[in-house]
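In what follows, a single structure is set out as structure tokens and then discussed.
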Amino acid sequence: MSCCTPEGSCSTGAAAEVVVDGRTTVYNVAGMTCGHCKATLTKEIGALSGVLSVEVDLSAGQVAVTTSDEPDDALFAKVVDDAGYELTGRAA
């Protein structure tokens, strides 16, 4: 028996991606240029209480943060600044 579907995609039998409920806020962040920047911000922001997920878009200069409650913009700005980047505000 093959793990591939007739469409050519493969299935390993792993569980489907978990959908996270929460509030997503997108921030503009200056100074991000590479994978290290992405990894650093994902780790630092993701370690905060109430943060469910972090998605960094280097080309857009944005970080999407999903939180369980209302996000703390001042705390996110401090963490981003402490990591060596600049949170310039929420994206429109």
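Annotation: salt bridge (charged side-chain N to carboxylate O under 4.0 Å, His left out) contacts involving residues 25-37, sequence neighbours excluded, are absent. Every pair tested for ring-ring contact (aromatic ring centres under 6.0 Å, His included) that includes a residue from residues 43-63 fails, sequence neighbours excluded, so the list is empty. Applying the ring-ring contact (aromatic ring centres under 6.0 Å, His included) test to every pair with at least one member in residues 59-80, sequence neighbours left out, gives these pairs: Tyr27-Phe76.
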Under 3.5 Å, sequence neighbours excluded: what are the donor-acceptor pairs made by side chains of residues 32-45?
| unit_1 | atom_1 | unit_2 | atom_2 | d |
| --- | --- | --- | --- | --- |
| Thr40 | OG1 | His36 | O | 2.9 |
| Thr42 | OG1 | Lys38 | O | 2.7 |

What donor-acceptor contacts under 3.5 angstrom involve side-chain atoms of residues 78-92, with partners at least two apart or in another chain?
| unit_1 | atom_1 | unit_2 | atom_2 | d |
| --- | --- | --- | --- | --- |
| Lys78 | NZ | Asp82 | OD2 | 2.7 |
| Thr88 | OG1 | Asn28 | O | 3.3 |
| Arg90 | NE | Asp73 | OD1 | 3.4 |
| Arg90 | NE | Asp73 | OD2 | 3.0 |
| Arg90 | NH2 | Asp73 | OD1 | 3.1 |
| Arg90 | NH2 | Asp73 | OD2 | 3.3 |

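In this structure, Val51 and Gly46 approach most closely via the heavy-atom pair CG1-CA, 3.9 Å.
Looking at residues two or more places apart in sequence or on another chain, you find no side chain to side chain donor-acceptor pair (under 3.5 Å) involving Thr25. With sequence neighbours excluded, the residues satisfying side chain to side chain donor-acceptor pair (under 3.5 Å) with Ser59 are Asp57.
Cluster membership check: Val63 shares its hydrophobic cluster with Leu75, using side-chain heavy-atom separations under 4.5 Å among Ile, Leu, Val, Met, Phe, Trp and Tyr. By the rule that hydrophobic residues join a cluster once side-chain heavy atoms approach within less than 4.5 Å of another member, Leu48 and Val65 end up as members of one cluster.
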